[in-house]
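Structure, as structure tokens:
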Amino acid sequence: MTETQAFQVQMEKVKNADGFIAALDQSGGSTPKALRLYGIPDEDYTVGETSMFDAVHQMRARIITSKCFNGDRILGAILFENTMDRETENKPTAAFLWEEKGIVP
């Protein structure tokens with residue numbers, strides 16, 4: 001499938017399919033609270049540093065790779081720029097979402 005064809009399929013899905021957009025875009029300001037709610041204590045990372053973004057990516061990757069997180073219910077995902085720059089299961093995260101899960105990044 002060409003990039004143009006993939007874009008057209010993605011647009012059709014978001015426009016016409018039933019489902020919701022998953023918000024996976026916590027930035028630095030909301031990340032500490034999200035990590036605490038996920039069970040990761042503040043002392044496990046330094047706020048605003050790579051260790052914090054590593055922890056939040058691990059959290060997101062666990063969510064994204066769950067069997068329940070798929071294109072049957074989830075149309076698309078809003079991603080934090082740092083997540084777009086990382087990999088999930090050895091693929092760029094955006095490619096993983098679309099190619100493996102059928103979720104528009």
Side-chain angles (χ1 to χ4, degrees):
M1 176 179 303
T2 68
E3 190 174 313
T4 300
Q5 290 169 323
F7 178 75
Q8 290 171 339
V9 171
Q10 291 171 344
M11 287 296 291
E12 277 299 308
K13 180 172 186 157
V14 172
K15 184 177 175 182
N16 297 314
D18 292 329
F20 65 95
I21 305 292
L24 299 173
D25 63 334
Q26 292 92 3
S27 62
S30 62
T31 297
K33 181 179 178 184
L35 290 171
R36 276 193 300 278
L37 291 170
Y38 192 68
I40 300 172
D42 294 347
E43 57 272 5
D44 283 7
Y45 59 89
T46 302
V47 174
E49 298 291 327
T50 301
S51 60
M52 180 183 80
F53 294 110
D54 289 346
V56 81
H57 184 68
Q58 290 172 358
M59 176 184 73
R60 286 187 187 121
R62 185 171 177 204
I63 293 166
I64 290 168
T65 58
S66 167
K67 286 189 274 184
C68 298
F69 195 88
N70 62 60
D72 294 342
R73 298 179 204 140
I74 303 164
L75 302 176
I78 303 168
L79 302 174
F80 179 52
E81 183 178 0
N82 188 282
T83 302
M84 297 278 292
D85 295 337
R86 292 176 178 255
E87 292 188 348
T88 301
E89 294 194 353
N90 300 313
K91 276 190 171 186
T93 299
F96 178 83
L97 283 168
W98 180 243
E99 294 169 9
E100 304 299 325
K101 297 292 191 154
I103 296 170
V104 179

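Small disclaimer: the values here were computed from a predicted structure and weren't measured. Count residues from 1 along the sequence.
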* Inspect the contact between Asp54 and Arg86 and indicate whether a charged nitrogen and a carboxylate oxygen are less than 4.0 angstrom apart. => yes
* Asked: Same cluster or not: are Val47 and Val56 linked, directly or through other Ile, Leu, Val, Met, Phe, Trp or Tyr residues, by side-chain heavy atoms under 4.5 angstrom apart?
  -> yes
* Structure fact -> Residues at least two apart in sequence or cross-chain that pass side-chain hydrogen bond (donor to acceptor under 3.5 Å, both in side chains) with Asp42, listed by chain then number, are Arg36, Tyr45
* Structure fact -> Tightest non-hydrogen contact, residues Met1 and Ala6, listed as SD-CA, 3.3 Å
* Look up atom CZ in Arg73 and atom CD1 in Ile103, then write down how far apart they are to the nearest 0.5 Å. => 10.5 Å
* Asked: To the nearest 0.5 Å, how far apart are CG in Asp25 and OG1 in Thr31?
  -> 9.5 Å
* Structure fact -> Taken in chain and number order and not counting sequence neighbours, the residues that satisfy side-chain hydrogen bond (donor to acceptor under 3.5 Å, both in side chains) with Glu49 are none
* Give a yes or no on this: more than 12 heavy atoms of other residues, nucleotides or ligands lie within 6.0 Å of atom CG of Asn16. => yes
* **Met52-Ile63 co-clustered via ILVMFWY side chain contacts under 4.5 Å** => yes
* Are Ile21 and Phe7 joined in one hydrophobic group, where the rule is that I, L, V, M, F, W and Y side chains link up if heavy atoms are under 4.5 Å apart? -> no
* To do: Report, as yes or no, whether the 6.0 Å neighbourhood of atom CD on Glu81 holds more than 12 heavy atoms from other residues, nucleotides or ligands.
  => no
* For Glu87, which residues count as a salt bridge (charged side-chain N to carboxylate O under 4.0 Å, His left out) partner, sequence neighbours excluded? -> none
* To do: For the residue pair Ile74 and Phe20, establish whether any side-chain heavy-atom pair is separated by less than 4.5 Å.
  => yes
* To do: Any chance you could lay out the side chain to side chain contact (heavy atoms under 4.5 Å, CB included) test for His57 and Thr88, step after step, and finish with the verdict?
  => CA-CA 9 Å; His57 184 68; Thr88 301; 3.8 Å; yes
* Asked: Any donor-acceptor pair under 3.5 Å linking the side chain of Lys91 with the backbone of Glu100?
  -> no
* Structure fact -> Paired with Leu24, the side-chain contact (heavy atoms from CB on, under 4.5 Å) test is passed by just one of Leu97, Ile64, Thr83, namely Ile64
* To do: Look up atom CD in Gln58 and atom CD1 in Ile40, then write down how far apart they are to the nearest 0.5 Å.
  => 7.0 Å
* Can you find a heavy atom in the side chain of Val9 that is under 4.5 Å from one in the side chain of Lys13? -> no
* Co-membership, hydrophobic cluster, residues Leu79 and Phe53, 4.5 Å side-chain -> yes
* Asked: Hey, quick one: are Met84 and Trp98 part of the same hydrophobic cluster, counting side-chain heavy atoms closer than 4.5 Å, chains of contacts allowed?
  -> no
